[in-house]
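Working notes, structure below.
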Amino acid sequence: MSEEKKSLNFLEHIIEEDLANGLPKNDLRFRFPPEPNGYLHIGHTKAIGISFGLGEKYNAPVNLRFDDTNPAKEEQEYVDAIKRDVSWLGYTWANELYSSDYFQQLYDWAVLLIKEGKAYVDSQSSEAMAEQKGTPTVPGVDGPYRNRSIEENLDLFQRMKNGEFNEGAHVLRAKIDMAHTNMLMRDPIMYRILKKHHHRTGDTWCIYPMYDWTHGESDYIEQISHSLCSLEFKPHRELYNWFKESVYPYSQEELPLLPKQREFARLNLSYTVMSKRKLLKLVQEGIVKGWDDPRMPTISGLRRRGYTPAAIRDFIERVGVAKRDNVIDVSLLEFCIREDLNKTAPRVMAVLDPIKLVIENYPSDQVEWLEAENNQEDESAGFRKVPFSKELYIEKDDFKEEANSKYFRLTLGKEVRLKNAYIIKGESVVKDANGNITEIRCSYDPESLSGSGTEASLRKVKGTLHWVSIKHAVKAEVREYDRLFMHEAPDTDEEKDFMEFLNPDSLKVIEAFVEPSLTEAQTGDRFQFQRLGYFNVDDDSTADSLVFNKTVGLRDNWAKQTKPAEPKPQTQQKPQQNKRPAIEVIKQLGKKYTNYPADKQEKVKEEIKMLAKEVSYEDLQPLFGTAAKKVGTRIATAIALGVLLEQGLEKHDDILEFIEKAQEDTNDILVAETANL
RNA sequence: UGGCCUAUGGUGUAACUGGCAACACGUCUGAUUUUGGUUCAGAAGAGUCUAGGUUCGAGCCCUAGUAGGCCAACCA
């Protein structure tokens, strides 16, 4: 009875392999190590989901460890926000820990490293050190303090710790190799003097350890088995290993397990940015109202926007884990939240862009409280009452004086159903002096009440409209959001700053009318405004002035048909394809050539001819040797060759040979293309 | 002119130690529907960056290219 096995991602493969090679399952331990210098965003959720997800999968502890080694940037406010966000997502950490808890241990180990000659105090300016460090292509050179005596190093380091020196006077460096191809191995700094107050250790320390030294050893101290981080830390792995192996002999009795760092590609989401620095800029420049602005990709922003933890976790699951750079389409995130909310959100009626509808044959003073189902996807959701009367608001978009048969909504002379109420027929319109419609007049069929079971009520009409009784309508502010940036990957453009792609219309504030039941709604409550989308009650909402956020719209096939004009944003052009040499493109086009239908082949052929004009004989020549079975490539070569010959290329022997072989081929196209060369 | 990493439909991820490329989103049909939603049925779309090699057989292995990413903070 094997449940179909879910395929593993590469991290799970690594763990399975370690387990198979004898790592006890009980030794599995993970960690999520945020620096408390900003708010968590959806990108972090991936890292959280990976490590906490693995913890859940293998029933292993996951530590929440604050990587707080830089007192200049870190604050308690961020610690609190991070804890709140991780909890909100529904994860439970085994221990709440701080790198700063290990400062003493780190210091003790550093002293031992100095004694072994593996670390030294450097007393140069940062500029001088940077110069000696070299560049990726130029090896570094040793600095003048590199070979200080162990005694001097010990003395200096001790005095650094005691606060005898000013910031910048000295640093402690690991002594590795200034000419190493990995720049991180060129005697990396382990400690710097920082006379700053730390949010946890106060003024106890005036030297603070750097990331590489701290992070790996914190993993080691916590006996983390798999330390998972994003790809940009790949080069750090070598140093991570150097440090941990250097320290291992000191503590192998108490700390037998050496952690293993592995790296995955971080998440990018289309039409937004995903770096704390850039998000902070949006906050500081007032582009958004704060870290929790519903347009922000922060966890707190998504939460305020109405996203659910379940939807976000589902999203992370679907996104997968691998090692290549990626840009996830927001439509996947939207799919996840719709899927969750569709099952759980109560339906209500709200009109965002109202126009008055008068039912001429409905008694002026009559009010009916009609039965409305709260959620047809959830039987337990029950029913509520909505008031109906002679004068209603409907959506402006839901009426046209005349329209073709594809338009299912209200027109003059046609019937539609009012959701939960009656079938109506458009009769006439009232216009102002400028010809704008100010009022729609209709008649209703008193026999057609929803759910009454009468023959009239069962009549099929093509459209159903939502509405709200004017007399009973409640005013509410609705905030509609659009993407923050116009560019799919705003921070990848080489010339333009990401701020240049800001969408000026990312927020639209609307005065809407909602059904009266919504006066009961509490902050955070989520609803489906029928036919419109999902909305939640914003933090700014009060009892007498409701504020809603639009979480996400419903899928809308009608809108797609109406304006297919929206040009597919050009941004999907792969930058690589733009810069690719013509010959490369020709090869690619050729490869698929034989699969294309005839008309497409014509097009591709023209394209190849265009490209061939940029190709030299030297480019093309190697393709003459293309394997016989790769017919497409040979066809493309033939087409391109034709262009070159036309331009006066001489027929070398290898060209003749190529043509000769092609003529003998069984593929008609190839034969035809080479026939008149 | 250096080192490291990556390359599979529009997007993202699969394909157990080589066996004629799967799933999801998106797109497009059709059915159902008192939400142009949901649900259901179906379709299109990749010969796996290129070339060569090993093999009976390569997305997986080897070689050489090409393209993209990361690396020069007393940040993490």
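By convention in this document, chain letters (A, B, ...) are assigned in the order of the sequence lines, proteins followed by strands, and residues within each chain are numbered from 1. What you are looking at is a predicted structure, and each value in this text was computed from that prediction instead of being measured.
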Checklist outcome for this item: Regarding the side chain of A:T69, the nearest nucleotide among B:rA76, B:rG26, B:rU11 is B:rA76

Checklist entry - Hey, does A:R318 reach any base, or is it just sugar-phosphate, or nothing, if we go heavy atoms under 4.0 Å? => result sugar-phosphate

Checklist entry - Going through the checks in order, is the side-chain contact (heavy atoms from CB on, under 4.5 Å) test met by A:M190 and A:F243? => result CA-CA 10 Å; A:M190 295 172 68; A:F243 276 136; 3.8 Å; yes

Checklist entry - Which of the following nucleotides, B:rA76, B:rU13, B:rC25, is nearest to the side chain of A:D67? => result B:rA76

Item to check | Sugar-phosphate only, base, or nothing, as touched by A:E317 at under 4.0 Å among non-hydrogen atoms | outcome: nothing

Next on the checklist: Under the criterion side chain to side chain donor-acceptor pair (under 3.5 Å), I'd like the reasoning laid out for A:R31 against A:S227: C-alpha separation, chi angles, the key distance, then a yes or no.
Outcome noted: CA-CA 7 Å; A:R31 105 269 94 114; A:S227 178; 3.0 Å; yes

Item to check | A:Y240 and A:H215 aromatic ring geometry - parallel, tilted or perpendicular at 30°/60° bounds | outcome: tilted

Checklist entry - Phosphate oxygens OP1/OP2 of B:rC28: is one of them under 4.0 Å from a side-chain N or O of A:K560? => result yes

Next on the checklist: Would B:rG47 be called syn or anti here, given the cut-off of 90° from 0?
Outcome noted: syn

Checklist entry - When only distance counts, do a donor and an acceptor, one from the side chain of A:E377 and one from the base of B:rG37, lie under 3.5 Å apart? => result yes

Checklist outcome for this item: Between A:F10 and A:Y211, whichever has its closest RNA chain B nucleotide further toward 5' is A:F10

Next on the checklist: Would A:W558 count as stacking on B:rG36 if stacking means ring centres less than 5.5 angstrom apart and planes tilted under 30 degrees?
Outcome noted: yes

Checklist entry - With a 4.0 Å cut-off on heavy atoms, is A:V319 in touch with a base, just the backbone sugar-phosphate, or nothing at all? => result sugar-phosphate

Next on the checklist: Base, sugar-phosphate or nothing for A:F335? Non-hydrogen atoms, less than 4.0 Å.
Outcome noted: sugar-phosphate

Checklist outcome for this item: Those residues at least two apart in sequence (or on a different chain) that pass side-chain contact (heavy atoms from CB on, under 4.5 Å) with A:A130 are none

Checklist entry - Looking at the side chain of A:E74, which of B:rU35, B:rC74, B:rA76 is the nearest nucleotide? => result B:rA76

Checklist outcome for this item: Between CZ of A:R237 and C1' of B:rC4 the distance, given in whole Å, is 10 Å

Next on the checklist: Need one value for A:G451: base, sugar-phosphate or nothing, where a base atom within 4.0 Å counts as base even if backbone is also close, heavy atoms only.
Outcome noted: base

Next on the checklist: For a quick check of understanding: with a heavy-atom distance under 4.0 Å over all strands, which category does A:K343 fall into, base, sugar-phosphate or nothing?
Outcome noted: nothing

Checklist entry - Dot-bracket for RNA chain B: what is it, with Watson-Crick or G-U pairs under 3.5 Å, [ ] where a pair crosses earlier ones, and | for a pair to another strand? => result .((((((..((((.....[..)))).(((((.......))))).....(((((..]....))))))))))).....

Next on the checklist: If you compare every side-chain N and O of A:K234 against the phosphate oxygens of B:rG3 (OP1, OP2), does one of them come in below 4.0 Å?
Outcome noted: no

Next on the checklist: Mind checking if A:N182 touches a base, just sugar-phosphate, or nothing, with heavy atoms under 4.0 Å?
Outcome noted: nothing

Checklist entry - Checking only heavy atoms, does the side chain of A:R555 share a donor-acceptor pair with the base of B:rG36 at less than 3.5 Å? => result no

Checklist outcome for this item: A:M183 has its side chain closest, among B:rC5, B:rA72, B:rC75, to B:rA72

Checklist entry - Touch check for A:K46, heavy atoms < 4.0 angstrom, all strands: base, sugar-phosphate only, or nothing? => result nothing

Next on the checklist: Please give the distance between the P atoms of B:rC25 and B:rA41 as a whole number of Å.
Outcome noted: 13 Å

Checklist entry - Under 6.0 Å between the ring centres of A:F233 and A:Y211? => result yes

Checklist entry - Starting at CD of A:E263 and ending at P of B:rU6, how long is that distance when rounded to a whole Å? => result 10 Å

Checklist entry - When all nucleic acid strands are considered with a 4.0 Å heavy-atom cut-off, which category describes A:E238: base, sugar-phosphate, or nothing? => result nothing

Checklist entry - What is the distance from CG of A:L333 to P of B:rG26, rounded to the nearest Å? => result 12 Å

Item to check | Gap between atoms CD and P, on A:E131 and B:rC74 respectively (whole Å) | outcome: 14 Å

Checklist entry - Which is true for A:Y208 with a 4.0 Å heavy-atom rule: it touches a base, it touches only sugar-phosphate, or it touches nothing? => result nothing

Next on the checklist: If you define the side chain from C-beta out and look only at heavy atoms, does anything of A:L620 sit under 4.5 Å from A:F658?
Outcome noted: no

Checklist entry - Expressed as a whole number of Å, how far does the P atom of B:rG9 sit from that of B:rA72? => result 31 Å

Item to check | Nearest-neighbour nucleotide for the A:S126 side chain, B:rC74, B:rU6, B:rU35 considered | outcome: B:rC74

Checklist entry - For A:L554, which contact category applies under a 4.0 Å heavy-atom criterion: base, sugar-phosphate, or nothing? => result base

Checklist entry - Can you check the A:N557 CG to B:rA31 P distance for me, whole Å? => result 14 Å

Next on the checklist: I'd like to know whether NZ of A:K278 has more than 12 heavy-atom contacts from other residues, nucleotides or ligands below 6.0 angstrom.
Outcome noted: yes

Item to check | Parallel, tilted or perpendicular: rings of A:H198 and A:Y208 (30°, 60°) | outcome: parallel

Checklist entry - Reckon A:D212 touches a base, only the sugar-phosphate, or nothing at all at heavy-atom distances under 4.0 Å? => result nothing

Checklist entry - Considering only side-chain heavy atoms of A:T181, which listed nucleotide, B:rG3, B:rC74, B:rA14, is closest? => result B:rG3

Next on the checklist: Quick check: on RNA chain B, is the nucleotide nearest A:H13 upstream (toward 5') of the one nearest A:T464, or the reverse? Name the residue that is more 5'.
Outcome noted: A:H13

Item to check | Nearest listed nucleotide, side chain of A:Q530, among B:rC75, B:rA72, B:rU35 | outcome: B:rU35

Checklist entry - Choosing from B:rU35, B:rA15, B:rA72, which nucleotide comes nearest the side chain of A:S7? => result B:rA15

Checklist entry - Could you state the CD-P distance from A:E12 to B:rA15, rounded to the nearest angstrom? => result 10 Å

Next on the checklist: Side chain of A:H236, heavy atoms from C-beta onward: which of B:rA76, B:rC25, B:rG2 has the nearest atom to it?
Outcome noted: B:rA76

Checklist entry - Do A:R200 and A:E74 sit within salt-bridge range, that is, some charged N less than 4.0 Å from a carboxylate O? => result no

Checklist entry - What nucleic acid atoms does A:R409 come within less than 4.0 Å of, heavy atoms only: base, sugar-phosphate, or nothing? => result base

Next on the checklist: Between the base of B:rU38 and the side chain of A:Q376, is one N or O donor paired with an acceptor at under 3.5 angstrom?
Outcome noted: no

Next on the checklist: Counting the atoms with a prime plus P, OP1 and OP2 as sugar-phosphate, which does A:V138 contact under 4.0 Å by heavy atoms, base, sugar-phosphate, or nothing?
Outcome noted: nothing

Item to check | Options B:rG26, B:rU13, B:rC75, nucleotide nearest the side-chain atoms of A:R192 | outcome: B:rC75

Next on the checklist: I want to check one thing: is the phosphate of B:rG37, taken as OP1 and OP2, less than 4.0 Å away from some side-chain N or O of A:R338?
Outcome noted: no

Checklist outcome for this item: side-chain contact (heavy atoms from CB on, under 4.5 Å) filter on A:R409, not counting sequence neighbours, yields A:D397, A:D398, A:Y407, A:L465, A:R531, A:W558

